[in-house]
Amino acid sequence: MGTPGMSLLGIGNRSDQVRVFGLIRLVGHVSEASSDPVRIDVSVGGFEVSFGAAECVVSSSPNDFRVEVNLMSHLLPNGPTNATVSVDFADGSRAAFPAKPLIVNNNTPLGVQVAEDLRVHGTGPIQPRVIDSKMFPYEKGKAKAWFDEIEPIDTPLSFDQPADMESAHRHLERWGFCILPERLPASLIEEFTADLEEAIESGRLQYEKGTSQRIHEAHRLESGRKIWLNPEVMAFLKSHFRDTPCACQTLTYVNGSEQDAHQDTIHLTPYPAGFMCGVWVALEDVKPDSGELFVYPGSHKSKRLRAGDLGLDKVDQDYSSYVIFDAEVRRLMEEGGYERAAYRPKAGQILVWHENLVHGGSPRIDREKTRLSIVSHYFAKGAVAYYDSRGEAGALELLPENA
Ligand SMILES: O=C(O)CCC(=O)C(=O)O
Ligand SMILES: [Fe+2]
C-alpha cells in the first residue's frame, strides 16, 4: 500500500494566498490514494469540524481527488492562524495536508457586523464545499445595506452623464443604476482593444469570432486590469458601499450577450443583500439593433430571487433549469409595471448597477454590428461573496493599497 500524495492547500478564490478576508475556499489535491476517503477533519482558529466525503470531496479519477472546504473567515480571530485538513481513508489509513498559514483580516465595520450576524444565525467558520443562501440571515440579520433602507430622493430618469458624483449616487439609489461623470479615456480603450485582439489571435483568451460568447479573464491583460481596478470606479463604489470595494470578475463581449432579463443576485450573491455592483463600460459607441444592454429602471426594488427558494439545484455548466428563474423575472417585471429601456452609450461611458437591478442583452437584430463592452462585478470587502447558482465562494481581488 503506497502513501497518498498530499498537495499544499491553496486558496481557490484569492490571488493573495496568505492574507485573507471574507469567504475563502481551501483546496487540496490527493493523488495515488489506495482507498476512498471517508472522513475529512478541518481545524482552524480553535474550531474543529469533521465532514463525510460527500460534503467536500470531488473525484477526478478513482485514486485522485480534490478536497474543498470553505472558511467563513469573518468568524476567525483577526491575525495569524493555521488551517489543517486531514483525510481518513476506508482502509483505516490517515494523511494530512501540510498546515496552511493564514493572516486573517476582517476589520471593516461591515465585516464586524456580518461576523455578529453569522454567530447569531449559528453559521460556523468551517463549512462544506457547497455554499447556500440558507447559511445567511437575510431576513433577521442586523447588517443591512444603508441604500436599501432609505427612501431615495426623487430624481429624473436619465442615461446621460451627470454633472458630478453626488448626482450619480442619487440616481443609483433612486433607479438602481447610474452613469458616472467621467468616461474611460480613449487611449485606454485603444490599448485594451489592441491587447484583446492579440490575446484572441494568440489563443490566450478564448473567443469564436461573430458569436455572443463571453470572454472571461480579460482582466489578466495589463490594460484589462487597469479597467477592472479603475480608481474612479473604486472611489465611487467605496462611497456607495461605505466599505472597501473588491473586484470579482470581468466579462468582455465583442457582440451583444442576448442574455435574458435577470437579477445578478442569484449569480453574484452578497450577504448582506445589496453589497455587489455591476459596472458596464462601453468600449465603442453602441448602435441600435446591435444587441444593446437593457435595464428595467427601478427594478432593484423587486423581490430577490434565490436558487433554493425557486427549487433550483446548484449548477456547473448547464443552466437549462434556469427557465424557471427567467419566467419568474418576467413575472416580477410585469407585476411591478417596470419598463425595459435599451442603453446606447458613447464609447467610454461607465454604467453602475445595483446588485438586484434587472438587466440583460437585447436581441442582435443586425448581426453585423459589434457591441464591444466589458462588465466587471464588485463586492464590499466586509460582505460574504458567493455564487448562489453554483454554490461557490466568490473570487475577490483588493486594490494593492487596500490589501
Ligand atoms: O452585457 C450584457 O449584455 C449583460 C451582462 C450581464 O448581465 C452581466 O455581466 O451581469
Ligand atoms: Fe447580469
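Just the heavy atoms: all of them, side chains too, but no hydrogens, waters or symmetry mates, feed the values below. Model, not experiment: these values are computed from the prediction. First listed ligand is number 1; within each ligand, the first listed atom is number 1.
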A.B. asks: What's the verdict on side chain to side chain donor-acceptor pair (under 3.5 Å) for Ser15 and Glu397, showing C-alpha distance, side-chain angles and the deciding distance?
C.D. replies: CA-CA 7 Å; Ser15 61; Glu397 179 106 350; 2.9 Å; yes
A.B. asks: Quick one: look at Tyr343 and ligand 1, take heavy-atom pairs under 4.0 Å, and tell me if it's side chain, backbone, both or neither.
C.D. replies: neither
A.B. asks: Suppose I only count heavy atoms of His377 and a 4.0 Å limit; which atoms of ligand 1 are within that range?
C.D. replies: 8 (C), 9 (O), 10 (O)
A.B. asks: Report, in ascending order of atom number, the atoms of ligand 1 lying under 4.0 Å from any heavy atom of Asp264.
C.D. replies: 10 (O)
A.B. asks: Testing the 3.5 Å rule here: is there a donor-acceptor pair between the side chains of Arg364 and Ser290?
C.D. replies: no
A.B. asks: The test is side chain to side chain donor-acceptor pair (under 3.5 Å); show your working for Asp148 and His300 and say whether it passes.
C.D. replies: CA-CA 9 Å; Asp148 283 346; His300 61 305; 5.8 Å; no
A.B. asks: For the residue pair Arg330 and Phe325, would you count it as a cation-pi contact if the rule is NZ or CZ under 6.0 angstrom from the ring centre and within 45 degrees of the ring axis?
C.D. replies: no
A.B. asks: For side chain to side chain donor-acceptor pair (under 3.5 Å), just list the numbers for Asn106 and Ser73, CA-CA rounded to whole Å, side-chain angles, deciding distance to a tenth of an Å, and then say yes or no.
C.D. replies: CA-CA 8 Å; Asn106 290 293; Ser73 81; 3.0 Å; yes
A.B. asks: Could you tell me whether ligand 1 has any atom less than 4.0 Å away from a heavy atom of Trp353?
C.D. replies: yes
A.B. asks: Before giving the answer on side-chain contact (heavy atoms from CB on, under 4.5 Å), spell out for Asp64 and His29 the whole-Å C-alpha distance, their side-chain angles and the decisive distance to 0.1 Å.
C.D. replies: CA-CA 7 Å; Asp64 293 277; His29 291 265; over 6 Å; no
A.B. asks: Check Glu258 against ligand 1 and report side chain, backbone, both or neither, counting heavy atoms closer than 4.0 Å.
C.D. replies: neither
A.B. asks: Using distance alone, decide if ligand 1 has a nitrogen or oxygen within less than 3.5 Å of any nitrogen or oxygen in Arg371.
C.D. replies: yes
A.B. asks: Could you tell me which atoms of ligand 1, counted from 1 in the order shown, lie closer than 4.0 angstrom to a heavy atom of Tyr253?
C.D. replies: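 Counting atoms of ligand 1 from 1, those under 4.0 Å from Tyr253 are 1 (O).
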A.B. asks: Please list, in number order, the atoms of ligand 1 under 4.0 Å from a heavy atom of Gln259.
C.D. replies: 6 (C), 7 (O)
A.B. asks: Within ligand 1, which atoms have a heavy atom of His359 less than 4.0 Å away?
C.D. replies: 6 (C), 7 (O), 8 (C), 10 (O)
A.B. asks: Using the benzene-type ring in the case of Trp, are the ring centres of Phe147 and His354 under 6.0 Å apart?
C.D. replies: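 Judged by ring-centre distance (under 6.0 Å), Phe147 and His354 do meet the cut-off.
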A.B. asks: Go through ligand 1 atom by atom and flag the ones less than 4.0 Å from a non-hydrogen atom of Leu251.
C.D. replies: 9 (O)
A.B. asks: So which protein heavy atom does atom 2 (C) of ligand 1 come closest to, and at what separation?
C.D. replies: Ser257 OG, 3.3 Å
A.B. asks: Would you give the angle at the Fe ion (ligand 2) between Asp264 atom OD1 and His359 atom NE2, to the nearest 10°?
C.D. replies: 90°
A.B. asks: Hey, are the side chains of Leu184 and Ile227 touching, using non-hydrogen atoms and a 4.5 Å cut-off?
C.D. replies: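 Yes, close enough: below the 4.5 Å cut-off.
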A.B. asks: Could you walk me through whether Glu284 and Thr370 pass side chain to side chain donor-acceptor pair (under 3.5 Å), step by step?
C.D. replies: CA-CA 9 Å; Glu284 63 177 323; Thr370 57; 2.7 Å; yes
A.B. asks: Is Glu292 near ligand 1, meaning one of its heavy atoms is under 4.0 Å from it?
C.D. replies: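 Outside the 4.0 Å threshold, so no.
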